[in-house]
Amino acid sequence: MKTLYLEITDADEELIITKAADIILKGGIVAFPTETVYGLGANAFDGKAVKKIFEAKKRPMDNPLIVHVSDMEMLKSVADISNDKVKQLIRHFWPGPLSLILPKKSSIPKEVSAGLDTVAVRMPNHPIALKLIKKASVPIAAPSANLSGRPSPTTAQHVLDDLDGVIDAVIDAGAAQVGVESTVVDISKDIPVVLRAGAVSAEDIKRAAQVEVVYNLEAKGKETPKSPGMKYRHYAPKAKMVLIEGNLESIRKKILDKIEFYLKQGEKVGVFCCVKNAPYYSRAFVEKYGNPETAAAILYKALRRFDEIGVDVILAEALEEKGIGAAVMDRLRRAADQRL
Ligand code: TXA
Ligand code: MG
């Protein structure tokens, strides 16, 4: 299959959206930008089309997808939103990087929900994503547009690196701003549970919506909702990855030791670190960030670049687990083979 490359320009935007919506309505699969990462979309009402997503990504069929909607009418056609907390969260955080696990309606085929009676839904905060869903007039089921196990794509080029030739089209609208996937919250239980950390933190949710939430780990022993996706290894770079924790200075010392250790063994070393420490690591390949937001924005690009260079080991500095820093740490932990 030839993958259509559709680059958004002011002049061509309308044409491209129409073309992409048409492919989706005909049962095809199209990668498109959202504010978090690029998604690989199909008509959420079309089980056969949704199956193609799993085949292209080589994704296990028991890992359900997020359904993307553009308005409340569409939301009501896929999920039950009678819960008051749901309305509150939507008012505060949509459109935005928050996915809600809701009781699903029968319009959603089993391919989307992996046979569960719930469905994950979100309204993305990206003009192209919203226009695409509106134009198609159907909700769009979309996981991240990477091969299963690879870092999520934050550019159209990342999508092509993984999926060129196995998807119908990719819309290019530049780099995704947030850089890590949406926060996933299961709201079907008494106390909402964060199943996956993202740009919207549990603290944000408590503050803005006066809704009590806990992270999945804290819910241990209680009735724990599970996210099927969590049992798979995620965000894995090809290189071995070591996550180094501590304060700025102790982290720096440990990393400098490690760089020497690996260099002596003839290995290529990459370091993911803050700008303050970066100048010390001149003997390694460095990907640096100025604050937690930038760390999130460049994380997956950095992991992919390290793979391209062919580094043997990635040393990653731990971040403070506040705000989006918690989401970055979650991804680093999942990618790491070792923690020091
Ligand atoms: O930011 C994002 O969320 C991106 C963009 C494209 O919207 N999408 C994304 O989708 O990251 P995906 O498929 O890579 O991750 C969806 C996560 C998985 O961990 C999956 O197991 C979980 O959401 N999930 C989906 N439906 C669920 C359900 N009904 N119950 C529990 N977990 C669910
Ligand atoms: Mg994914």
Side-chain angles (χ1 to χ4, degrees), residues 29-42 44 50 53-54 56-70 78-80 93-105 108-126 128-130 132-133 139-154 158-159 162-163 170-171 176-189 192-200 216 224-236 296 300 324 327 330-331 334-335:
I29 53 177
V30 176
F32 64 98
T34 82
E35 81 279 32
T36 56
V37 299
Y38 273 69
L40 177 58
V50 168
I53 292 178
F54 287 88
K57 279 182 57 98
K58 301 197 169 76
R59 180 180 175 106
M61 286 296 293
D62 66 350
N63 192 4
L65 309 182
I66 297 173
V67 172
H68 297 69
V69 299
S70 58
V78 301
D80 173 7
F93 296 107
W94 281 16
L98 176 67
S99 297
L100 298 171
I101 309 287
L102 301 168
K104 90 172 188 71
K105 297 232 168 119
I108 292 296
K110 61 179 186 316
E111 286 83 0
V112 171
S113 62
L116 300 174
D117 51 14
T118 54
V119 62
V121 192
R122 87 175 184 104
M123 189 185 291
N125 187 16
H126 192 291
I128 299 300
L130 288 172
L132 176 64
I133 304 164
I140 295 183
S144 48
N146 52 287
L147 275 175
S148 242
R150 294 270 293 147
S152 289
T154 53
H158 293 163
V159 175
D162 281 10
L163 299 173
V170 56
I171 301 176
Q177 275 192 342
V178 176
V180 293
E181 306 85 346
S182 63
T183 307
V184 177
V185 174
D186 188 331
I187 188 91
S188 64
K189 306 291 177 296
V193 178
V194 175
L195 300 180
R196 180 175 73 184
V200 174
N216 208 8
T224 350
K226 297 243 162 33
S227 190
M230 296 320 210
K231 66 174 185 268
Y232 297 105
R233 184 161 188 238
H234 266 64
Y235 323 114
Y300 291 141
I324 200 167
D330 169 74
R331 305 312 188 267
R334 281 172 204 288

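Read the numbers this way: they start at 1 and go in the same order the structure lists the ligands and their atoms.
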Whether Arg196 side chain and Ser99 backbone form a donor-acceptor pair below 3.5 Å: no
Looking at ligand 1, does any of its N/O atoms fall within less than 3.5 Å of an N/O of Thr36? yes
Does any pair with a residue in residues 30-39 pass side-chain hydrogen bond (donor to acceptor under 3.5 Å, both in side chains), and if so which ones, sequence neighbours excluded? Thr34-Thr36, Thr34-Arg122, Glu35-Arg122, Thr36-Arg122
I'd like to check which ligand 1 atoms, numbered from 1 as shown, lie under 4.0 Å from a non-hydrogen atom of Gly39. 6 (C)
Residues Ala129 and Pro33: closest non-hydrogen pair is CB-O, 3.4 Å
Where's the contact between Ile101 and ligand 1, heavy-atom distance under 4.0 Å: side chain, backbone, both or neither? side chain
Honestly, for Lys104 the part within reach of ligand 1 (heavy atoms, under 4.0 Å) is neither
Just distances here: any N/O of Glu181 and N/O of ligand 1 closer than 3.5 Å? no
What part of Glu35 sits under 4.0 Å from ligand 1 if we count only heavy atoms: the side chain, the backbone, both or neither? neither
Quick one: does Tyr38 get an N or O within less than 3.5 Å of an N or O on ligand 1? no
Rounding to 0.5 Å, atoms CD (Glu181) and CZ (Arg331) come to a distance of 4.5 Å
Counting only nitrogen or oxygen atoms and a 3.5 angstrom limit, does Ser99 reach ligand 1? no
So how far is it from Ser144 OG to Leu65 CG, rounded to the nearest 0.5 Å? 9.5 Å
To the nearest 0.5 Å, how far apart are OG1 in Thr154 and CD in Gln177? 12.0 Å
Any N/O/S atom of Asn146 sitting less than 2.8 Å from the Mg ion (ligand 2), backbone or side chain? no
Applying the side chain to side chain contact (heavy atoms under 4.5 Å, CB included) criterion to Val119, which one of Ile108, Ile66, Leu100, Ile101 satisfies it? Ile108
Close-contact set for ligand 1 against Thr118 heavy atoms, below 4.0 Å: 28 (C), 29 (N), 30 (N)
I need the atoms of ligand 1 closer than 4.0 Å to a non-hydrogen atom of Ile66, numbered in the order shown. 3 (O), 8 (N), 9 (C), 10 (O), 16 (C)
Can you name the residues that form a side chain to side chain donor-acceptor pair (under 3.5 Å) with Thr183, not counting sequence neighbours? none
